[in-house]
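Contents: one structure, followed by commentary.
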Amino acid sequence: MTLPILAVLAGIAIGLLFPVSMPVEYGKFLAVALLASLDSVFGGLRSGLEEKFDNTIFISGFFVNSLLAVLLVFIGDRLGIDLYYVASLAFGLRIFQNLAIIRRYFLKK
Amino acid sequence: MGALKQGRAALAFVCVVLGIMLAVQFRTTQDIRSTIPFQRAEDLSQRLRQAEKERDTALRQMQEMQNSTLDETITKEAELFRMAAGYLQVQGPGVTVTIDDSKRAMKPGENPNLYLIHDDDMLKVINELWAAGAEAISINDQRLVIGSEIRCAGPTISVNNGRYSPPYEIRAIGDPKTLEASLKMRGGVIETLQFWGIQATIKTQPLIKISAYKGTHKYQFAKPVQEGAQK
């Protein structure tokens, strides 16, 4: 359980060390991608705890989900539909669901 | 837990990517806060608040006027005009500025006039105070009103036809901070005066009194123009 946390911290350190900054207009897209990847990570943790972890599904899910979310928001932007909120809501709900399942697993143990 | 073990590397990699994204997003959000549109919005909302406040006071004033009888309105107006004419002693927050001649030893061959206060120095100070929103000003207890002169009278200056010698004490009622800042401005009046060693001290005070104008306003030549009969 410590490895993912350490990895996240390392990632944050790398991100802060290298001053890459997104243009402000794309901040929204990155936010959605971030939410999607957060969802994937929690999903992966959950499936790992349920002994159903699949490496390929996890990795592909991570990237495809984030890209799809960004694409969706981008299209929504073009069409004048604020799909940004829809995506955040959906991913937020899923994150909470996954978290709840992970919590239950730890409580049962 | 066995399944998780084999995916450890993948999970760690994904988590690193996640961390990088977190950091970048954090920085982007901070950038947004300092961009011009964001600041503009804040600026505008502040202006809106101020405008609303002004509107509220104006509304209250209107209500007060509507509620009060004609007599009250006239008394109030008369009071306002008496204050504007300088016939009332007034008090409020403001600054006291004391200005004295230079005590610096003069170098031989130099013009001694440079080290003395002149009427135009005083005029500059007074002008600056009016510009900073002073509502009442007096020089050595002589209230400045419409038509008050400040002119050179030998070693003294003449204010309201009275002679005054240094040190001069100027009292001004208004926002103390604004008044003080207007005089202490870089390259402003006080800095120029201090260059010649002329001593000027500014004291902000929460309450100062400015006495009334003791003379009378005379209009010998000017007559009010009747409305509607302008031609």
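All of these numbers come straight from a predicted model, not from anything done at the bench. So you know, we letter chains A, B, ... as the sequences are listed, proteins then strands, and number each from 1. Keep in mind that the numbers below use all heavy atoms, side chains included, and drop hydrogens, waters and symmetry copies.
With sequence neighbours left out, the salt bridge (Lys or Arg N to Asp or Glu O under 4.0 Å) criterion links B/Arg55 to no other residue. Residues passing the salt bridge (Lys or Arg N to Asp or Glu O under 4.0 Å) test with B/Glu169 are B/Arg171, sequence neighbours excluded.
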Criterion side chain to side chain contact (heavy atoms under 4.5 Å, CB included) on B/Phe26 and A/Ile12, from CA distance to verdict: CA-CA 10 Å; B/Phe26 177 68; A/Ile12 289 176; over 6 Å; no
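Scanning residues 69-96 of chain A against chain B with a 4.5 Å non-hydrogen threshold yields no residues. Near-neighbour residues of residues 28-37 of chain A relative to chain B, defined by a heavy atom under 4.5 Å from a heavy atom of that chain, comprise A/Leu30, A/Ala31, A/Ala33, A/Leu34, A/Ser37.
Closest approach of B/Cys15 and A/Ala7 over heavy atoms only: CB-CB, 3.4 Å.
The most heavy-atom pairs under 4.5 Å with chain A, out of B/Leu22, B/Val17, B/Val14, come from B/Val14.
Rounded to the nearest 0.5 Å, atoms CZ (A/Phe62) and CZ (B/Phe13) are 7.5 Å apart.
For B/Glu52, the CD atom is densely surrounded, since the number of other residues' heavy atoms within 6.0 Å is greater than 12. For B/Glu79, the CD atom counts as loosely surrounded, since its 6.0 Å shell holds 12 or fewer non-hydrogen atoms of other residues, nucleotides or ligands.
Heavy atoms closer than 4.5 Å to chain B are found nowhere in A/Leu9, neither backbone nor side chain.
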